[in-house]
Amino acid sequence: MPPQAYALVILFLACSVLAGIVAVRLVARLGGPHGRIAYVLPILGGFGAFYLVGHRFGIVIGPEVGLFGFQVALLGDILIGFAAALAVAVIQALVARVLPGRQAPGEA
């Protein structure tokens with residue numbers, strides 16, 4: 001895999017981390033979980049959406065821009081990644097409410 005591909009993967013990984021953080025914080029305002037572990041699934045969901053939409057299925061939503069030698073629909077991919085991270089955060093919050101479990105340290 002060429003170095004440009006690694007750069008693109010790292011960019012989308014960074015975008016999925018940011019999308020996951022924003023999604024968890026939005027859902028936490030509505031009563032969802034907000035501990036460190038709550039960020040893992042939304043970040044993975046956002047990155048999975050980037051992988052499926054851009055790489056696996058090759059779906060192009062929005063205008064494409066040249067990035068690291070590749071044509072990427074950056075805005076559409078970021079929106080889809082954020083939507084996936086938000087959906088995972090909401091589902092995670094619903095599951096946390098339904099399933100009785102331990103409270104995270106510091107939560108009362």
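This chain uses plain numbering: 1 for the first residue, then up along the sequence.
Annotation: Ile37, atom CD1; neighbour count of heavy atoms from other residues, nucleotides and ligands within 6.0 Å does not exceed 12. Within a 6.0 Å sphere centred on CZ of Phe70, other residues, nucleotides and ligands contribute more than 12 heavy atoms.
In the hydrophobic clustering of this structure, Leu44 does not group with Leu86; members are Ile, Leu, Val, Met, Phe, Trp, Tyr whose side-chain heavy atoms approach within less than 4.5 Å, directly or through other members. Under a hydrophobic-cluster definition in which Ile, Leu, Val, Met, Phe, Trp and Tyr are linked whenever side-chain heavy atoms come within less than 4.5 Å, directly or via other members, Phe68 and Val72 are assigned to the same cluster. Note on Ile21 and Val24: same hydrophobic cluster, where clusters join Ile, Leu, Val, Met, Phe, Trp and Tyr whose side-chain heavy atoms are under 4.5 Å apart, directly or indirectly. Under a hydrophobic-cluster definition in which Ile, Leu, Val, Met, Phe, Trp and Tyr are linked whenever side-chain heavy atoms come within less than 4.5 Å, directly or via other members, Val53 and Tyr51 are assigned to the same cluster. Under the 4.5 Å side-chain contact rule for hydrophobic residues, Leu11 and Ile78 share a cluster.
Among Ile10, Leu8, Val9, the one residue that satisfies the side-chain contact (heavy atoms from CB on, under 4.5 Å) test with Phe12 is Leu8.
Side chain of Gln92 to backbone of Pro42: no donor-acceptor contact under 3.5 angstrom is found.
The minimum heavy-atom distance between Phe47 and Ser16, with the atom names listed, is N-CB, 3.5 Å. When every heavy atom of Tyr39 is checked against every heavy atom of His34, the shortest pair comes out as CE1-O, 3.9 Å. Closest non-hydrogen pair, Ala28 versus Pro33, comes out as CB-O, 4.0 Å. Contact detail for Gly62 and Ala73: the closest heavy-atom pair is O-CB, 4.0 Å. When all heavy atoms of Asp77 and Phe50 are compared, the closest pair comes out as O-CE2, 2.8 Å. Considering every non-hydrogen atom in both Ala93 and Gly32, the closest pair reads CB-CA, 3.8 Å.
Taking CG from Leu74 and CD1 from Ile61, the interatomic distance works out to 13.0 Å, rounded to the nearest 0.5 Å.
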